[in-house]
Amino acid sequence: MTGRLSALIGIGLGLVLGCTAYGVLRALLPGDLAVAAIAPGLLAGIGARLGRAFGTPAQLRIIVFGSLFAVLAGEYFVWDALRASGLAVDAFVPHLLRSAQWLIFTIGFLVFGIFLGVRLLVGNDPLGDILEHGSDAVPPGAHGTPCPRCGSVQTVLDGRSLELECTACGHRWRPADRPA
C-alpha cells in the first residue's frame with residue numbers, strides 16, 4: 001500500500017508542478033507559443049519515476065487525464081488573470097477556441113508531453129526496446145525470423161526452397177519445423 005501511495009503522491013506533485021510551470025510559462029512566453037503544454041505530462045512522468053511508480057493502468061490514466069486537467073487548470077488561471085485586466089473574453093471556452101494555431105500546438109505539445117511522461121514511467125531506453133523486442137513483430141517465416149537453434153535474427157529466406165537460413169550458425173529449417 002505504501003508503494004502505491006508514494007507513486008500517486010509523486011504523480012500528483014509532478015502534475016501540480018507541471019500545472020504551475022504551464023501557467024508561469026504561458027504568462028511569460030509570447031501569446032500563441034504553446035510549448036509550455038509539454039510541462040504537465042513530462043513532470044508527471046518524472047514525479048511518477050521519483051515516486052517509484054511502475055506503470056499500472058490506473059497510474060497511466062492519472063498521468064494522461066491529470067495532464068489534460070493540469071493544462072486546462074493552468075489555462076484557466078491565465079484566462080482569469082487576463083479577464084481581470086480586461087484583455088480576455090468573458091467566457092472560458094471562447095478563450096480556448098480564439099486561435100486555431102494556438103489550440104493545435106497546445107494539443108500537440110500536450111500529447112507529446114504525455115507521451116514523454118509515460119515513456120519516462122515505463123522505460124527509458126526506446127532504442128534498446130526496439131532492438132530487444134523488434135523481432136517479435138516479424139511474422140514467422142519472414143526475413144529476420146529468430147533462429148530456433150541460436151536465437152539470432154540474422155536469418156534469410158531462400159526463395160526456391162522456402163527454407164530459412166541463419167547466417168550466424170548456419171542452421172537451415174522450414175518455418176513450420178521445430179528445433180532439432
Side-chain angles (χ1 to χ4, degrees), residues 1-139 144:
M1 186 68 165
T2 305
R4 287 185 191 174
L5 185 60
S6 69
L8 292 177
I9 289 172
I11 294 170
L13 288 175
L15 286 171
V16 168
L17 289 174
C19 179
T20 305
Y22 175 78
V24 169
L25 290 172
R26 179 77 171 85
L28 294 177
L29 295 174
D32 284 349
L33 192 60
V35 71
I38 204 169
L42 184 62
L43 291 174
I46 292 171
R49 207 55 149 143
L50 294 175
R52 298 205 185 339
F54 48 88
T56 65
Q59 292 168 350
L60 296 176
R61 284 187 203 106
I62 291 171
I63 289 176
V64 171
F65 292 109
S67 297
L68 177 61
F69 179 76
V71 167
L72 286 174
E75 192 59 33
Y76 180 82
F77 290 125
V78 169
W79 170 76
D80 192 42
L82 289 173
R83 188 175 55 109
S85 65
L87 298 174
V89 294
D90 286 335
F92 181 59
V93 174
H95 167 74
L96 292 176
L97 301 175
R98 77 188 186 299
S99 169
Q101 177 184 357
W102 174 83
L103 188 61
I104 289 168
F105 282 123
T106 299
I107 291 171
F109 279 110
L110 173 65
V111 169
F112 187 61
I114 291 170
F115 173 77
L116 287 176
V118 169
R119 189 72 199 136
L120 281 170
L121 174 59
V122 296
N124 55 6
D125 186 15
L127 182 60
D129 290 347
I130 290 170
L131 293 175
E132 181 179 343
H133 302 293
S135 64
D136 295 340
V138 176

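Pairing each heavy atom of Gln59 with each of Ala7, the nearest pair is NE2-CB, 3.4 Å. Taking every heavy atom of both residues into account, Leu15 and Pro40 meet most closely at CD2-O, 4.0 Å. Nearest heavy atoms, Ser67 versus Ile114: CB-CG1, 3.6 Å. Across all non-hydrogen atoms, the minimal contact from Ala37 to Thr106 is CB-O, 3.6 Å. Here the closest heavy-atom approach between residue Ile38 and residue Phe112 is recorded as CD1-CD2, 3.2 Å. Across every non-hydrogen atom of Phe92 and Tyr76, the tightest pair is CE1-CA, 3.4 Å.
To the nearest 0.5 angstrom, Leu110 atom CG is 12.0 Å from Leu42 atom CG. The CD1 atom of Ile46 sits 13.0 Å away from atom CG of Leu13, with the distance rounded to the nearest 0.5 Å.
Counting heavy atoms from C-beta outward, Glu75 and Tyr22 have side chains that approach closer than 4.5 Å. Looking at heavy atoms from C-beta onward, Ile11 lies in side-chain contact with Ile63 at the 4.5 angstrom threshold.
Below 30°, between 30° and 60°, or above 60°: for His95 and Trp79 the angle between ring planes is between 30° and 60°, a tilted geometry. In this pair, Phe105 and Phe109 present their aromatic rings tilted. The plane angle is within the 30 to 60° band.
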